[in-house]
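Working notes, structure below.
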Amino acid sequence: MTQQPTIRTAMVVETNYLIASVIEAPLLNAGYRVAIVTDTDEAFALLDSQKVHLALIDFRLQHAEPEGLVAKLGQRGIPFIFCTAATLEEVYEHFPNAKVMAKPFSDEELLTAVAALFPENPSYQWV
């Protein structure tokens with residue numbers, strides 16, 4: 001009997017639905033489940049209602065600061081990436097060890113970075 005591969009759920013925290021759908025499409029095509037939320041309240045509710053394996057977070061959330069969400073993800077051991085148009089300096093000022101993808105990025109860059117969040121794919125070089 002062969003073990004079925006784990007289907008991972010990615011939570012996309014993005015206030016702009018168009019951008020969220022651009023992030024969602026390659027993840028769906030790669031076999032991830034994707035849950036899009038538009039603010040931290042929705043993110044907390046999702047985390048309380050289902051298993052989330054990773055998060056992609058817009059650093060510049062329009063309705064809340066990401067600190068509380070980042071802390072909750074850390075408590076649960078859920079890896080995350082900030083997907084942002086902010087400068088690296090701006091992100092690292094608040095989160096010195098964060099994984100960051102600068103917008104815009106390609107589908108391949110996104111999938112490579114997401115795969116690197118897991119121990120079986122350790123070779124990705126973060127900026």
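Keep in mind that this is a model prediction, so the values were computed, not measured.
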Please report the interatomic distance [atom1]([X]) to [atom2]([Y]), rounded to the nearest 0.5 Å.
{"X": "Arg8", "Y": "Leu117", "atom1": "CZ", "atom2": "CG", "result": "9.0 Å"}
{"X": "Asn16", "Y": "Ile23", "atom1": "CG", "atom2": "CD1", "result": "9.5 Å"}
{"X": "Lys51", "Y": "Arg33", "atom1": "NZ", "atom2": "CZ", "result": "12.0 Å"}
{"X": "Arg60", "Y": "Thr84", "atom1": "CZ", "atom2": "OG1", "result": "5.5 Å"}
{"X": "Asp58", "Y": "Thr38", "atom1": "CG", "atom2": "OG1", "result": "11.5 Å"}

Once the angle between the rings of Phe59 and Phe95 is folded into 0 to 90°, is it parallel (under 30°), tilted (30 to 60°) or perpendicular (over 60°)?
-> perpendicular

If we only count heavy atoms from C-beta on, is the [X] to [Y] side-chain gap below 4.5 Å?
{"X": "Asn29", "Y": "Asp107", "value": "no"}
{"X": "Asp48", "Y": "Lys72", "value": "yes"}
{"X": "Val22", "Y": "Lys103", "value": "no"}
{"X": "Val114", "Y": "Leu56", "value": "yes"}
{"X": "Phe118", "Y": "Pro79", "value": "yes"}
{"X": "Glu42", "Y": "Leu46", "value": "no"}
{"X": "Phe80", "Y": "Val13", "value": "no"}

Return the minimal non-hydrogen interatomic distance between [X] and [Y], and the atom names on each side.
{"X": "Ile19", "Y": "Glu14", "result": "CG2-OE1, 3.5 Å"}
{"X": "Leu111", "Y": "Pro26", "result": "CD2-O, 3.6 Å"}
{"X": "Gly31", "Y": "Ile7", "result": "O-CG2, 3.5 Å"}

Are any side-chain N or O atoms of Thr112 and backbone N or O atoms of Glu109, one a donor and one an acceptor, separated by less than 3.5 Å?
->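 A pair under 3.5 Å: no.
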
Are the side chain of Arg76 and the backbone N or O of Leu47 linked by a donor-acceptor pair below 3.5 Å?
->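 Yes, the answer is positive, given that a donor and an acceptor are paired below the 3.5 Å cut-off.
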
The single option from Asp39, Asp41, Thr40, Val37 passing side chain to side chain contact (heavy atoms under 4.5 Å, CB included) against Leu69 | Thr40

